[in-house]
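The next block holds one structure in the form of structure tokens; read it before the comments.
A note on names: the letters A, B, ... follow the listed sequences, proteins ahead of strands, and every chain is numbered from 1.
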Number of protein chains: 2
Amino acid sequence: MTTARTPAGAAPSRGRRAGRSAGDERETAILATAERLLRQRAFGDISIDDLARGAGISRPTFYFYFPSKDAVLLTLLDRVTEEADAAAGGVFDRLAEDPRAHWRELIARFHATFGGHRDVVLACAQVRGTNAEVRRLWAEVLERWVRAVQAAIETERARGAAPDGLPARDLSIALNSMNERVWYATFAGDGPAVAERDVVDVLLDVWLTAIYRTTTPPVMPSAGTP
Amino acid sequence: MTTARTPAGAAPSRGRRAGRSAGDERETAILATAERLLRQRAFGDISIDDLARGAGISRPTFYFYFPSKDAVLLTLLDRVTEEADAAAGGVFDRLAEDPRAHWRELIARFHATFGGHRDVVLACAQVRGTNAEVRRLWAEVLERWVRAVQAAIETERARGAAPDGLPARDLSIALNSMNERVWYATFAGDGPAVAERDVVDVLLDVWLTAIYRTTTPPVMPSAGTP
DNA sequence: AGCTTAATCGACAGGGTGTTGAGCGGGTGT
DNA sequence: ACACCCGCTCAACACCCTGTCGATTAAGCT
């Protein structure tokens with residue numbers, strides 16, 4: 001009822017049989033159509049018929065490849081979060097070398113990834129309210145990032161670079177939540193928003209002050225700024 | 001096309017004729033039904049027929065009172081934002097007396113207001129993605145709060161209590177965005193969330209460090225902590 | 001050739017929205 | 001007292017979208 005995403009299975013997205021069968025092309029055609037239409041109108045204004053016709057198939061045939069419209073978006077979201085995870089990889093290990101530079105790098109990479117797929121991200125944010133599956137996946141992804149940042153904060157505190165304060169998990173949740181909402185406003189462009197050019201530095205500033213109480217954290221183990 | 005909310009007009013919500021006519025009762029019955037059903041299921045799972053039957057009328061009659069399901073939610077949202085605005089009133093004037101206490105008071109009042117109407121707030125957050133009218137109203141409300149906080153930050157900087165840094169507007173947007181998203185997660189309970197009991201203090205901590213670089217800002221004009 | 005399986009679609013059922021047009025009852029004015 | 005407007009009501013309709021069923025074709029294996 002809530003499991004299947006593609007007919008062949010979710011994670012490694014291996015196609016149906018061995019060699020590239022006709023169905024693979026249809027499946028990617030649906031995905032491509034969804035991304036294209038998302039650039040033009042909101043997810044809610046795209047019908048399954050639009051997706052099917054865009055991929056050159058009939059509506060019932062669409063159901064052979066995806067169980068619902070939302071499942072298409074879920075597949076798209078999977079790709080984006082994988083890309084974001086990959087982009088963040090390794091940054092945490094070098095935090096102590098230069099905290100400001102590396103926190104900035106982390107935020108900047110997420111910004112680049114989300115900005116590069118803003119239509120998909122925006123659509124997900126919009127249906128998260130109505131679709132439990134998207135909500136669940138997003139919660140999972142967020143939980144990973146929250147944990148990673150929490151661990152980084154605790155490491156910085158342990159080496160004496162950051163002062164004690166809020167529970168690291170609560171702080172991590174607050175900062176990650178801020179980023180999500182601020183990016184949404186910036187990309188969506190409705191309501192009060194930070195200019196896209198400034199958003200990384202604005203977020204960075206709040207992160208640094210919340211974690212270190214200063215925008216210029218020390219670089220070596222428990223050493224002051226020279 | 002996008003204006004009317006109630007048949008009689010929006011703002012002061014005066015009923016249709018002079019004395020309480022039958023229609024007034026129907027209208028409030030619809031609103032009450034919406035709030036009641038929202039406590040049980042998601043907004044998307046409530047049909048206009050549910051609202052109409054709950055108020056003891058037929059579906060076409062519903063359209064005599066509201067142009068759409070969303071318009072009902074919009075009316076509910078109006079009430080909540082008015083209450084929040086009222087709750088925030090006057091706090092900014094006394095900020096310098098004791099910044100920490102008064103920022104906390106501000107956040108706590110918003111928390112209480114939203115928490116007291118969490119079903120409505122959650123529903124609005126959910127349809128904001130699909131309904132332009134809700135999006136517009138929310139953006140308007142947020143803009144007011146962003147401006148008020150921005151002004152307060154500038155005042156604190158002018159009296160020397162807060163250091164210069166980010167443009168006050170950008171900082172205000174980031175902090176307000178954080179609150180919105182964190183409250184949403186806390187009230188919705190899906191995904192990583194701060195416990196409801198702690199959320200005010202967590203938010204306060206990030207606000208204070210971002211604005212003052214310390215969690216114990218000075219109380220008198222340009223005086224240090226004793 | 002015969003069997004299986006991937007792939008396809010016409011046609012249907014169901015449920016939701018928004019609109020139309022007709023009807024009813026109580027004030028109000030003359 | 002009569003007509004008449006107007007607030008109010010709903011059955012019935014047109015429409016759109018979703019999801020499913022069953023029949024059908026094409027390709028591969030034995």
Between the side chains of R41(A) and D50(A), is the shortest nitrogen-to-carboxylate-oxygen separation below 4.0 Å, so that they form an ion pair?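 The answer is yes: the pair qualifies as a salt bridge.
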
Do E83(B) and R79(B) meet the salt-bridge criterion of a basic N to acidic O distance under 4.0 Å?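 So R79(B) does not pair with E83(B) through a salt bridge.
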
In chain order, what residues pass the salt bridge (charged side-chain N to carboxylate O under 4.0 Å, His left out) check against R36(B), with sequence neighbours excluded?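 Listed in chain order: nothing, the list is empty.
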
What is the separation between atom [atom1] on [X] and atom [atom2] on [N], rounded to the nearest whole Å?
{"X": "E27(A)", "N": "dT8(C)", "atom1": "CD", "atom2": "P", "result": "11 Å"}
{"X": "R53(B)", "N": "dT9(D)", "atom1": "CZ", "atom2": "P", "result": "15 Å"}
{"X": "Y65(A)", "N": "dT20(D)", "atom1": "OH", "atom2": "P", "result": "18 Å"}
{"X": "F64(A)", "N": "dA7(C)", "atom1": "CZ", "atom2": "C1'", "result": "6 Å"}
{"X": "L51(A)", "N": "dG19(D)", "atom1": "CG", "atom2": "P", "result": "12 Å"}
{"X": "E25(A)", "N": "dT8(C)", "atom1": "CD", "atom2": "P", "result": "10 Å"}

Going by the side chain to side chain donor-acceptor pair (under 3.5 Å) test, which pairs reach into residues 181-190 of chain B, not counting sequence neighbours?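 Qualifying pairs: E180(A)-R181(B), H111(B)-W183(B).
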
Point-to-point distance, once rounded to the nearest 0.5 Å, from CD1 of I153(B) to CG of L175(B):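 It comes to 6.0 Å.
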
Could you tell me whether the side chain of N179(A) and the main chain of N176(A) form a donor-acceptor pair under 3.5 Å?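 Flag not set: sc N179(A) to bb N176(A) has no pair under 3.5 Å.
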
Can you build the contact string for nucleotides 9-19 of chain C? Use B for base contact, S for sugar-phosphate-only contact, and - for no protein heavy atom under 4.0 Å. BBB-----BBB

